[in-house]
Protein chains: 4
Amino acid sequence: MPTKKKEPQVTAAAARRRELLDTAAEVFAEQGYNATTVRTIADHAGMLAGSLYYHFDSKESMLEEILRTFLDELWAGYDAVLESELGPRETLEALVTESFREIDRHRAAVAIYQKENRQLAAQERFAFLADSQRRFEKAWLSTLERGVAADVFRPDLDVRLTYRFVRDTVWVAASWYRPGGQHSPEEIARQYLSMVLDGIAVRR
Amino acid sequence: MPTKKKEPQVTAAAARRRELLDTAAEVFAEQGYNATTVRTIADHAGMLAGSLYYHFDSKESMLEEILRTFLDELWAGYDAVLESELGPRETLEALVTESFREIDRHRAAVAIYQKENRQLAAQERFAFLADSQRRFEKAWLSTLERGVAADVFRPDLDVRLTYRFVRDTVWVAASWYRPGGQHSPEEIARQYLSMVLDGIAVRR
Amino acid sequence: MPTKKKEPQVTAAAARRRELLDTAAEVFAEQGYNATTVRTIADHAGMLAGSLYYHFDSKESMLEEILRTFLDELWAGYDAVLESELGPRETLEALVTESFREIDRHRAAVAIYQKENRQLAAQERFAFLADSQRRFEKAWLSTLERGVAADVFRPDLDVRLTYRFVRDTVWVAASWYRPGGQHSPEEIARQYLSMVLDGIAVRR
Amino acid sequence: MPTKKKEPQVTAAAARRRELLDTAAEVFAEQGYNATTVRTIADHAGMLAGSLYYHFDSKESMLEEILRTFLDELWAGYDAVLESELGPRETLEALVTESFREIDRHRAAVAIYQKENRQLAAQERFAFLADSQRRFEKAWLSTLERGVAADVFRPDLDVRLTYRFVRDTVWVAASWYRPGGQHSPEEIARQYLSMVLDGIAVRR
DNA sequence: GATGAATGAGATTTCATTCAT
DNA sequence: AATGAATGAAATCTCATTCAT
């Protein structure tokens with residue numbers, strides 16, 4: 001087994017980093033990014049505020065890494081869906097399900113994203129948020145349009161409005177969803193999809 | 001009995017106050033409450049930071065007044081709907097429509113409410129937010145339950161999940177809605193209701 | 001008389017600014033820029049550290065303004081000399097005399113300049129220091145070269161070395177010169193010039 | 001009696017120490033003592049900041065050792081000159097030449113000394129700097145006075161002013177001198193002496 | 001009503017130093 | 001000898017708030 005000394009250190013350092021980022025994400029989600037002080041994060045991590053700077057450049061760089069990590073994983077999931085070339089309805093179902101899975105895995109990051117996205121995207125450093133949002137919009141809009149063309153989705157709806165409706169509806173769930181609750185992400189996705197696709201009114 | 005001279009002054013002062021609150025609300029909505037400095041508000045109002053304290057006690061009291069004003073009007077509208085004792089579907093339609101009207105009238109306040117609600121509600125001073133939310137939940141839940149009982153809404157719905165679904169669906173619109181755009185609030189309400197009630201899938 | 005209100009405020013504000021910069025310059029010169037805390041400056045100015053930020057953006061911007069103000073005045077003096085097209089020896093005498101006058105007027109700024117110039121010039125923000133130094137070198141070198149060509153200065157000296165010799169010799173004086181002492185700047189200049197031009201050895 | 005194995009280790013350790021001090025001196029000279037972080041020194045030495053503390057007590061103790069080493073060597077040279085009881089002009093020539101040799105050997109230390117001397121001398125720990133400066137002044141002043149008395153230096157000189165002139169003239173060279181350049185220290189000394197003794201003007 | 005200057009508390013960040021491994 | 005992680009003190013800077021004018 002090679003380099004018995006170096007390997008575990010790299011891993012341990014990365015693990016610590018991840019640990020601290022998870023802590024930070026939790027606090028950011030709970031109190032809001034601006035309202036969170038680095039001292040609070042450090043308290044939660046059981047260290048002093050200054051010690052965080054051994055691991056990270058700044059409070060902002062923590063935020064950046066949290067969001068990047070989340071978006072990277074999100075897009076890994078989305079891309080897998082998009083590349084499998086399903087029909088529009090199945091694509092929508094798969095995207096919604098994938099979204100709830102991401103909320104399950106990255107609840108804090110999603111909550112932060114939801115709250116801070118608008119302000120952050122204006123900053124150079126967080127341009128990747130705007131990029132992601134554009135790709136996001138393209139993926140959803142084209143799915144909806146394909147669905148209308150294929151007579152799978154109702155043609156009488158404003159597609160952009162529908163896009164916003166579905167998008168926001170799914171993601172705000174991060175603000176109340178608690179992982180490990182009674183519903184699995186797949187179960188919630190199923191119920192959401194049922195409402196979104198067929199409505200809540202009784203069919204006559 | 002007040003002199004004829006006093007009246008217009010009081011009104012003028014109240015109007016100025018309202019003007020400043022509108023400005024503040026706009027900035028809070030745009031940048032987030034915490035990220036907004038009193039100086040920024042003052043800049044937008046064409047005065048210096050210190051001058052705001054002639055009109056208001058504190059930054060927080062501005063926030064409070066903005067939210068109270070909004071919720072007062074919201075509940076005036078909601079109460080009118082609830083007191084007219086419509087059927088469950090009609091109640092839901094009326095509540096949704098009323099909500100979009102409020103978004104139209106108080107876009108900034110709604111956006112602030114959406115973003116800051118969670119953190120604020122924990123504070124004594126903003127207990128009225130939690131109260132409102134409880135009343136809100138009660139009104140919606142009972143409407144949905146009445147609807148299920150009356151066989152107007154699907155019986156297989158998880159009512160709490162549906163409540164969150166409808167609530168989020170409506171209010172998130174504040175994050176992208178711009179008053180004076182191409183859709184009137186009533187038009188948007190109609191489309192949202194169509195999606196919520198009948199779904200986006202084509203009926204077979 | 002126009003605007004009885006605005007005028008004096010502008011002047012008063014500018015005067016205060018100057019006052020604070022003079023204080024800061026004194027402390028920077030005394031303790032070194034890096035070793036000086038804004039608290040120390042504020043103490044000397046009789047205010048709290050945070051209050052300085054009402055007048056200035058940052059500690060660095062104070063330093064910048066101190067150095068710019070000094071160099072602007074220095075160049076006003078130098079340019080007047082250079083434009084009067086004196087002979088090389090008279091030019092050198094005038095430049096040295098002008099330099100001692102500047103040391104007299106801006107002792108602190110000169111001392112700061114001497115100590116921090118090298119490090120600062122590397123920064124974008126302080127590029128004007130490097131610019132100034134280039135003009136400086138050109139002015140002195142050409143004067144010396146003219147002098148050699150006109151058989152006024154010794155031809156057997158390395159001109160660049162001589163330039164450094166004269167330049168540094170004059171400016172380091174700022175580190176010990178105290179305005180209001182027994183020698184006027186003109187008197188010191190006269191004695192320095194006597195040494196620089198004719199040497200300290202007895203002529204045989 | 002030490003074992004044969006101990007000796008080379010002691011020497012190796014001392015060599016490492018010297019190496020690190022040279023590195024530190026270089027960085028101090030380049031960036032200024034206060035602006036230099038322990039991390040920067042460690043970077044230049046290819047180790048981590050904490051590791052320096054195996055070799056040295058503190059950043060300040062590194063500075064002290066650098067300056068002490070330099071001054072010890074300087075005084076060894078100066079004392080040799082002073083003890084050989086030369087005439088005043090020859091003494092001055094020898095001291096200047098010795099000074100340029102020290103600049104050549106200890107450029108970084110000289111530059112640090114020049115920049116930090118004033119602030120450091122006030123500290124108890126660096127009292128030796130003030131001591132050295134007093135001896136220095138005495139040596140130079142007496143040489144100049146002997147020279148004036150012996151009709152070797154001009155009688156119209158302000159001796160203190162001349163002392164500062166010569167002192168500054170010599171030592172500032174450390175700010176631009178680069179060892180291994182085109183001029184040897186002896187050559188530079190010769191030219192400086194020529195200027196100081198006979199002036200830069202052509203003799204008529 | 002509004003300005004200009006200041007306060008004071010607290011936030012982020014830096015950095016010399018320590019110490020277990 | 002050196003590393004990696006942390007400490008803790010202090011530095012710069014921000015900002016809501018106050019108050020004399």
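Numbers restart at 1 for each chain; the letters A, B, ... are given by sequence-line order, proteins then strands. As a basis for the values below, the full set of heavy atoms in this structure was taken, side chains included, without hydrogen atoms, waters or symmetry mates.
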At under 4.0 Å between heavy atoms, which parts of nucleotides 16-21 of chain E does protein reach? Answer with one letter per nucleotide, 5' to 3': B base, S sugar-phosphate only, - none. SBB---
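Between D:His55 and the phosphate of F:dA2, there is a side-chain N or O to OP1/OP2 separation shorter than 4.0 Å. Between A:Arg16 and F:dA6, a side-chain N or O to OP1/OP2 separation shorter than 4.0 Å is present.
Although no hydrogens or angles enter the test, the distance criterion places a donor-acceptor pair under 3.5 Å between the side chain of A:Thr69 and the main chain of A:Glu65.
With a 4.5 Å cut-off on side-chain heavy atoms, D:Arg18 and D:Leu21 count as touching. In this structure the side chain of A:Gln123 reaches within 4.5 angstrom of the side chain of A:Glu60, judged on heavy atoms. With contacts defined as side-chain heavy-atom distances shorter than 4.5 Å, the pair C:Glu30/D:Gln119 does not qualify. Side-chain contact between C:Leu63 and C:Phe126 is present, with heavy atoms from C-beta onward closer than 4.5 Å. In this structure, B:Tyr113 and B:Ile66 have side chains that are not in contact, with every pair of non-hydrogen atoms separated by 4.5 Å or more.
Summary for the helix from E:dA2-F:dT21 to E:dT21-F:dA2: the axes at its two ends, each from 5 pairs, differ by 20° when rounded to the nearest 10 degrees.
Ion pairing between a basic and an acidic side chain is recognised when a charged N comes within 4.0 Å of a carboxylate O; B:Asp43 and B:Arg39 show such pairing. A salt bridge links B:Glu19 with B:Arg16: at least one charged nitrogen is closer than 4.0 Å to a carboxylate oxygen.
Closest approach of C:Tyr53 to C:Ser58, counting heavy atoms only: CE2-CA, 3.8 Å. Between D:Leu120 and D:Leu129, the shortest heavy-atom contact is CB-CD1, 3.6 Å.
Looking at residues two or more places apart in sequence or on another chain, you find no side-chain hydrogen bond (donor to acceptor under 3.5 Å, both in side chains) involving C:Ser175. Partners of A:Arg118 according to the side-chain hydrogen bond (donor to acceptor under 3.5 Å, both in side chains) rule, which considers only residues two or more places apart in sequence or in another chain, do not exist here.
Between C:Tyr54 atom OH and F:dA16 atom P the separation is 16 Å, expressed in whole Å. In this structure, CZ of A:Arg17 is placed 13 Å from P of F:dA6, rounded to the nearest angstrom. The nearest whole Å value for the distance from the CZ atom in A:Phe56 to the P atom in E:dT12 is 15 Å.
Figure legend: B:Lys115 and B:Phe28 shown without cation-pi pairing, the cationic atom not lying both under 6.0 angstrom from the six-membered ring centre and within 45 degrees of its axis.
Within residues 61-69 of chain C, no residue has any heavy atom closer than 4.0 Å to DNA chain F. Proximity of residues 40-48 of chain C to DNA chain E (heavy atom under 4.0 angstrom from any strand atom) is restricted to C:Met47, C:Leu48.
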